[in-house]
Amino acid sequence: MSDAIPLAPMPLAARAPGKCILFGEHSVVHGGPELLLAIDLYLQVGMSGAPEFQLAGDAAAARAHPYLNEARRMYWDEAYGGVEVEPVSRIPRAAGLGSSAAFCAAVVCGLSAARGGVERSLLAERSFAVERAAQGVGSPGDTSAVVGGGYVAINAGAGAILWELTDGERSWRVRRVVDPGWLWLVAYSGVPRSTAEAVRSVNRRLQAPDGAELLAKFAEVATLGIEAVAAERREQIGPLLDENHRLLREVGVSHPRIETLIDAIRPIAEGAKVTGAGAGGSIVALLRPGHEVDALRRTRAVGGRGYIVRASPNGARLVTSGR
Ligand code: PMV
């Protein structure tokens, strides 16, 4: 079966998974290695032809939505009329779990399907272009994970190359990493944050004299993490997550509520860290096996929202009937 998105007339539905970052967020923006997985929490959009663009029945909301506007400007032709977009999502918003990337990928998947279909590598390129235009900063890590599904490594590793993307200044090579089948805890602190603001503040921090040294440490940890996941050396992962978290704290993107969450699950975790842009947002933890329910309880007790996730085998796709 081809992995391309086929031609599909509207009305149609498209869905994309969320994501979490195991190693290398922020340093990936500067070309460093990163490891992500698409997670099995999904966002779905229903799309049908309409006289004008609407978001959940609201034309003003569609006009005010930066991601929808960029998708429509870049990958739609108003000669086809408008589109009514109906989103529904299990991915918490502004939490570092990929809701923006999933929205971009699902919307671009639907628009591209209606206009004749699209190769998956081009869907990754388009989804990144939309997210980047709307956010103004960032890497193609998130959009690559939600389009590729499973585990993906950026700028490192030995797996098959899925695609290579550029912003004109930097380029990022995206590879497949085989899913080791592990469960993860992701837990939202309840503190929403802006990816763009966090990226800009880390960029400023990295201008300091020790910036290059910090980037080298991020790269070292992520490279070891990618190798350990690819080789299923689980016992190495926890300490590397902890080390990556120390570096993220050093560049200023932890938060008191994040530290509280990590402290709450530390007794039952092999390792834990901020995932995503941070400064609030979420953590990811590798739990000691058998402690999943306890982790949800501990997360709730400190005001967080926990999810036990594993890799989504599929990236963005049309929701179709049939076998
Ligand atoms: O949007 P978030 O919270 O998943 O952060 C994305 C990861 C960063 O490395 C901070 C930014 C990027 O675009 O790679």
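In each ligand, atom 1 is the first atom listed, and ligand 1 is the first ligand listed. Quick note: numbers below take in every heavy atom, side chains included, and nothing from hydrogens, waters or symmetry partners.
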Indicate yes or no: does an N/O atom of [X] lie under 3.5 Å from an N/O atom of ligand 1?
| X | result |
| --- | --- |
| Asp142 | yes |
| Ala277 | yes |
| Thr195 | yes |
| Ser139 | yes |

Practice task
Report the distance from atom CG of Leu247 to atom CZ of Phe23, rounding to the nearest 0.5 Å.
Solution key: 11.5 Å
Between [X] and [Y], does at least one N-O distance fall below 4.0 Å, as a salt bridge requires?
| X | Y | value |
| --- | --- | --- |
| Arg205 | Asp210 | yes |
| Glu70 | Arg73 | yes |
| Glu78 | Arg72 | yes |
| Arg246 | Glu243 | yes |
| Arg288 | Glu270 | no |

Around [atom], find the nearest protein heavy atom and jot down its residue, atom name and distance.
| atom | result |
| --- | --- |
| atom 8 (C) of ligand 1 | His26 N, 3.9 Å |
| atom 7 (C) of ligand 1 | Ile21 CD1, 3.5 Å |
| atom 2 (P) of ligand 1 | Arg193 NH2, 3.3 Å |

Test of understanding: given a 4.0 Å heavy-atom threshold, classify the contact between [X] and ligand 1 as side chain, backbone, both, or neither.
| X | answer |
| --- | --- |
| Val199 | side chain |
| Val137 | neither |
| Leu97 | neither |

Handout entry: Arg120 side-chain N/O to Asp3 backbone N/O, donor-acceptor pair under 3.5 Å
Key = yes
Residue [X] vicinity, atoms of ligand 1 by number, heavy atom under 4.0 Å:
| X | answer |
| --- | --- |
| Val28 | 9 (O), 14 (O) |
| Val29 | 9 (O), 11 (C), 12 (C), 14 (O) |
| Glu25 | 9 (O) |

Practice task
Could you tell me if the ring centre of Phe103 sits under 6.0 Å from that of His65?
Solution key: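 Here the rings of His65 and Phe103 have centres that are less than 6.0 Å from each other.
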Exercise for the section: Answer with yes or no whether Lys19 contacts ligand 1, where contact means a heavy atom under 4.0 Å from a ligand atom. Expected result: yes
Practice task
Would you please determine whether Gln135 falls within less than 4.0 Å of ligand 1 on a heavy-atom basis?
Solution key: no
Exercise for the section: Take the angle between the ring planes of Trp76 and Phe53 and call it parallel below 30°, perpendicular above 60°, tilted in between. Expected result: perpendicular
Exercise for the section: For Arg234 and Leu286, run side chain to side chain contact (heavy atoms under 4.5 Å, CB included): C-alpha distance rounded to whole Å, both residues' side-chain angles, the deciding distance at 0.1 Å, then the answer. Expected result: CA-CA 9 Å; Arg234 182 182 168 112; Leu286 186 61; 3.7 Å; yes
